[in-house]
Amino acid sequence: MLPYINTPFEYAGNALGASVDELKLIFSFLLSYPLAAILKRIPDNLPWRKNVFIVGVSLFYLIGLFDLWDGLRTLIWASGVTYGIAMFVDSPYMPWIGFAYNMGHMSVNHIQRMIVNDPGAIDITGAQMVLIMKLTAFCWNVYDGRLPDTELSDFQKEHAIKEIPNLLDYAGYVFFFPGLMAGPAFDFCDYRQYISTTMFQLPPGVDPSKGPPTRKKRKIPRSGTPAAWNFGYGIIWILAFLKFSAWYNTDALLSDSFLKYGIFRRIWNLHMLGLTTRMKYYGVWSLTEGACILSGIGYNGIDPKTGRASWHRLQNVRPWDIETAQNTRAYLGNWNINTNNWLRNYVYLRVTPKGKKPGFRATLATFFTSAFWHGFYPGYYMAFILASLLQTIAKNGRRLLRPFFLTADGGSETPKKRYYDLVTILVTQLAFSFTVAPFVFLSFSSSITVWARVYFYCLIGVAACFGALNSPIKPQLQAQLKKRNKGKIEEVVKIEQAKERIQRAPTLGLPDDPEAEMDEIVAEVRKEIEERRKRGGSVGMDIRKAVEEKLAEFKKK
């Protein structure tokens with residue numbers, strides 16, 4: 001670490017009530033902007049200089065700013081071993097070997113982080129979580145590059161790596177400084193197109209005069225304005241976090257003074273704690289995305305609607321869509337978008353045998369990967385399990401209630417639909433205010449304490465909803481809906497559900513339709529029973545036991 005570098009941060013920390021490491025992390029995000037501007041100005045025909053500059057800046061961050069020598073070794077080991085696996089293991093199991101190595105390696109750091117238990121200190125786990133997405137994707141991309149194109153999907157063809165990159169290009173990809181500590185993650189094909197400037201070529205048939213403006217002989221379009229917008233958003237969110245965190249923090253909700261408030265004030269404070277925590281991530285991800293935009297790698301082609309350059313390639317969060325979400329999928333689908341993409345493309349679809357549709361095995365694999373990737377704090381698993389229950393309720397609520405606020409053919413909304421929207425927004429936000437609390441408190445005891453202080457309102461609501469779904473209420477609603485719509489909406493609903501089944505993927509590892517997943521398990525078990533009966537074998541096995549055996553068998557795999 002550079003001498004005396006902590007001095008200004010210690011002074012600022014005392015004034016703001018923030019830790020030195022947190023302030024240094026924010027400083028690194030801000031410093032990435034002028035450094036990204038320099039990176040952009042390195043001649044396009046000298047990509048090796050860009051790689052050297054990228055690696056040099058990341059070394060300054062890790063060593064000169066944070067003194068993370070162990071962290072640097074961790075990243076070198078992770079990326080170095082992965083590079084060796086991709087190069088020397090020519091087997092269908094190669095991507096899984098790389099996946100197992102990286103997840104196991106990261107789990108050690110997660111455990112060490114839990115032992116240290118200092119939320120204000122910056123360790124390497126955050127950077128390693130980002131890197132794991134890049135490295136596991138790299139292994140799959142190399143594997144795809146060894147297969148004939150006829151066996152690949154369009155996505156796989158686009159991301160396949162036909163030749164192992166040289167070490168300098170690989171190091172630039174691994175240590176790309178604007179996204180080093182907090183993301184966003186991206187695939188090597190994005191970096192390769194960026195460093196070679198092929199990313200900025202106009203599509204065939206597009207008039208060069210209508211392309212995005214550039215400066216001098218650079219191929220990277222001008223990106224100062226969109227980067228400045230992200231910078232502004234990020235600063236506003238960070239300042240809001242610093243202000244609101246003085247009022248809404250974990251100590252405040254665990255203190256005895258919290259019990260003096262009425263139930264509605266407690267629920268409000270719980271909601272504001274979640275919002276305040278999200279402000280930090282909104283700010284961090286806005287800042288890092290802005291630096292990526294300024295460097296040029298955030299370029300996403302020409303927007304067909306506006307005809308202008310699009311810069312949303314690495315967008316990781318949509319705050320407005322989260323805070324106004326009407327259901328579980330909308331809430332989680334707009335959060336940590338790049339992690340969602342990683343889970344879908346490199347876990348969910350990869351565990352599915354070729355020629356088959358993803359099923360419950362793919363969902364379970366994605367769920368456990370997401371949970372394992374986040375770490376081992378009990379709060380993560382409490383939130384994941386409760387969110388999966390909310391997903392089931394939300395699916396049933398949408399199918400049973402929403403059609404009452406549509407016309408008989410399901411083609412347009414009734415005047416009362418606005419009230420349905422307002423209620424679903426309120427219910428979703430209140431449910432997730434409760435659900436995400438363990439993600440903030442992390443420990444089981446603190447999470448239960450806070451839940452108890454708001455009288456477990458979400459758990460009671462979940463129990464009531466499941467009770468209703470398993471009571472005569474559900475068939476009565478279905479009968480009323482069928483009578484109201486005279487069968488016309490059934491076809492619309494079937495088409496929508498068919499599309500969902502094709503396009504669905506777990507959001508942050510949570511099953512999109514848990515009931516459907518369980519139905520698939522039961523159907524598979526019943527099929528196995530029928531096959532045993534036809535073979536003349538024993539069929540004296542109950543469904544529940546068989547399902548449990550199936551799940552246990554999958555976990556072992």
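Start at 1 with the first residue, then count along the sequence.
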Output a table of donor-acceptor pairs, distance under 3.5 Å, between side-chain atoms of residues 126-138 and any protein atom two or more places apart or on a different chain; print 'none' if there are none.
{"unit_1": "Gln128", "atom_1": "OE1", "unit_2": "Asn109", "atom_2": "ND2", "d": "2.6"}
{"unit_1": "Lys134", "atom_1": "NZ", "unit_2": "Tyr173", "atom_2": "O", "d": "2.5"}
{"unit_1": "Thr136", "atom_1": "OG1", "unit_2": "Ile132", "atom_2": "O", "d": "2.7"}
{"unit_1": "Thr136", "atom_1": "OG1", "unit_2": "Met133", "atom_2": "O", "d": "3.4"}
{"unit_1": "Thr136", "atom_1": "OG1", "unit_2": "Trp342", "atom_2": "NE1", "d": "2.8"}

Checklist entry - Got a sec, which residues hit ring pair (Phe, Tyr, Trp, His ring centres under 6.0 Å) with Phe376, two or more places apart in sequence or on another chain? => result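 For Phe376 the ring pair (Phe, Tyr, Trp, His ring centres under 6.0 Å) partners, ignoring immediate neighbours, are Phe372.
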Item to check | Expected output: side-chain His159 to main-chain Phe155 donor-acceptor under 3.5 Å | outcome: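 Flag set: sc His159 to bb Phe155 pair under 3.5 Å.
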Checklist entry - So, the side chain of Gln429 versus the backbone of Glu323: is there a donor-acceptor pair under 3.5 Å, distance only? => result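 Yes; at least one donor-acceptor contact below 3.5 Å.
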Checklist entry - Taking the side chain as C-beta and beyond, is there a heavy-atom pair between Tyr346 and Cys139 under 4.5 Å? => result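 Heavy-atom side-chain distance check fails, nothing below 4.5 Å.
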Item to check | Polar side-chain atom of Tyr233 near backbone of Leu287 as donor-acceptor pair, under 3.5 Å | outcome: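 Answer holds: no.
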Item to check | Donor on one side chain, acceptor on other, Thr369 and Thr366, under 3.5 Å | outcome: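 Distance-only check fails for Thr369 and Thr366.
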Checklist entry - Distance-only, no hydrogens or angles: does the Asp21 side chain make a donor-acceptor pair with backbone N or O of Asp123 under 3.5 Å? => result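 Flag not set: sc Asp21 to bb Asp123 has no pair under 3.5 Å.
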Checklist entry - Within the distance-only criterion (no hydrogens, no angle test), does the side chain of Ser370 pair as donor or acceptor with the backbone N or O of Phe367 below 3.5 angstrom? => result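 Looks like no, no N/O pair under 3.5 Å.
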Next on the checklist: Considering only residues two or more places apart or on different chains, which pairs with a residue in residues 43-62 satisfy salt bridge (Lys or Arg N to Asp or Glu O under 4.0 Å)?
Outcome noted: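 Found Asp44-Lys50.
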Item to check | Residue of the set Ser32, Pro184, Pro178 for which side chain to side chain contact (heavy atoms under 4.5 Å, CB included) holds with Thr288 | outcome: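 So, applying the side chain to side chain contact (heavy atoms under 4.5 Å, CB included) to Thr288 and each of Ser32, Pro184, Pro178, only Pro184 qualifies.
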Item to check | Pair Asn327, Thr428: side-chain N/O donor-acceptor within cut-off below 3.5 Å | outcome: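 No pair is found: no donor N or O on one side chain lies under 3.5 Å from an acceptor on the other.
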Item to check | Test item: Asn316 side-chain N/O and Asn338 main-chain N/O as donor-acceptor pair under 3.5 Å | outcome: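 Checked: pair present.
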Checklist entry - Does a side chain donor of either Asn230 or Tyr33 reach within less than 3.5 Å of an acceptor in the other side chain? => result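 Side chains of Asn230 and Tyr33: no pair found under 3.5 Å.
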Checklist entry - Counting only N and O atoms by type, is there a donor-acceptor contact under 3.5 Å from the side chain of Ser446 to the main-chain atoms of Ser443? => result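 No, Ser446 side chain to Ser443 backbone: no donor-acceptor pair under 3.5 Å.
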Checklist entry - So, the side chain of Asn166 versus the backbone of Leu168: is there a donor-acceptor pair under 3.5 Å, distance only? => result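 A pair under 3.5 Å: yes.
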Next on the checklist: Parallel, tilted or perpendicular, judged at 30° and 60°: which one describes the rings of Phe99 and Trp96?
Outcome noted: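 Correct class here is perpendicular.
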Checklist entry - For the rings on Trp335 and Tyr281, is their centre-to-centre separation under 6.0 Å? => result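 Yes - the distance between ring centres of Trp335 and Tyr281 falls below the 6.0 Å cut-off.
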Checklist entry - What salt bridge (Lys or Arg N to Asp or Glu O under 4.0 Å) pairs are there with at least one residue in residues 169-185, not counting sequence neighbours? => result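 For residues 169-185: none.
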Checklist entry - Pairs in or reaching into residues 73-100: which pass salt bridge (Lys or Arg N to Asp or Glu O under 4.0 Å), with residues at least two apart or in two chains? => result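 Non-adjacent pairs meeting salt bridge (Lys or Arg N to Asp or Glu O under 4.0 Å): Asp70-Arg73, Asp90-Arg146.
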Checklist entry - Any idea how Phe188 and Tyr191 line up, ring-wise: parallel (<30°), tilted (30 to 60°), or perpendicular (>60°)? => result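 Taking Tyr191 first and then Phe188, their aromatic rings sit tilted (interplane angle of 30° to 60°).
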Next on the checklist: Let's go through Asp144 and Arg350 carefully: what are the C-alpha distance in whole Å and the side-chain angles of both, what is the deciding distance for salt bridge (Lys or Arg N to Asp or Glu O under 4.0 Å) to 0.1 Å, and is it a yes or a no?
Outcome noted: CA-CA 11 Å; Asp144 290 339; Arg350 297 292 181 162; 2.8 Å; yes
Next on the checklist: Main chain of Asn334, side chain of Arg318: is a donor-acceptor contact present, judged purely on distance under 3.5 Å?
Outcome noted: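 Such a contact is absent between Arg318 side chain and Asn334 backbone.
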Checklist entry - Angle class for the Phe177/Tyr61 ring planes (parallel below 30°, perpendicular above 60°, tilted otherwise)? => result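 Perpendicular.
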Checklist entry - Which of parallel (below 30°), tilted (30 to 60°) and perpendicular (above 60°) describes His374 and Phe384? => result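 Plane angle over 60°, so perpendicular.
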Checklist entry - Are a donor atom and an acceptor atom from the side chains of Ser245 and Lys280 found within less than 3.5 Å of each other? => result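 Per modelled atom types, Ser245 and Lys280 side chains form no pair under 3.5 Å.
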Item to check | Gap separating the OH atom of Tyr194 from the NZ atom of Lys219, nearest 0.5 angstrom | outcome: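 Between Tyr194 OH and Lys219 NZ, I get 13.5 Å after rounding to 0.5 Å.
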Next on the checklist: For the CZ atom of Phe88 and the OH atom of Tyr83, what is their distance to the nearest 0.5 Å?
Outcome noted: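 It comes to 8.5 Å.
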Checklist entry - With distance as the sole test, does Thr82 use its side chain to make a donor-acceptor pair with the main-chain N or O of Ser79 at under 3.5 Å? => result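 Side chain of Thr82 to backbone of Ser79, a donor-acceptor pair under 3.5 Å: no, none is there.
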Next on the checklist: Looking at Lys162 and Asp149, is there a salt bridge between them, counting it only when a charged N and a carboxylate O are closer than 4.0 Å?
Outcome noted: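 Yes, Asp149 and Lys162 are salt-bridged.
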Item to check | Pair Phe186 + Phe176: ring centers closer than 6.0 Å | outcome: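 Between Phe176 and Phe186, which both carry aromatic rings, the centre distance is below 6.0 Å.
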Item to check | Residue list, side-chain hydrogen bond (donor to acceptor under 3.5 Å, both in side chains) with Asn341, at least two apart or on another chain | outcome: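 side-chain hydrogen bond (donor to acceptor under 3.5 Å, both in side chains) list for Asn341, sorted by chain: empty.
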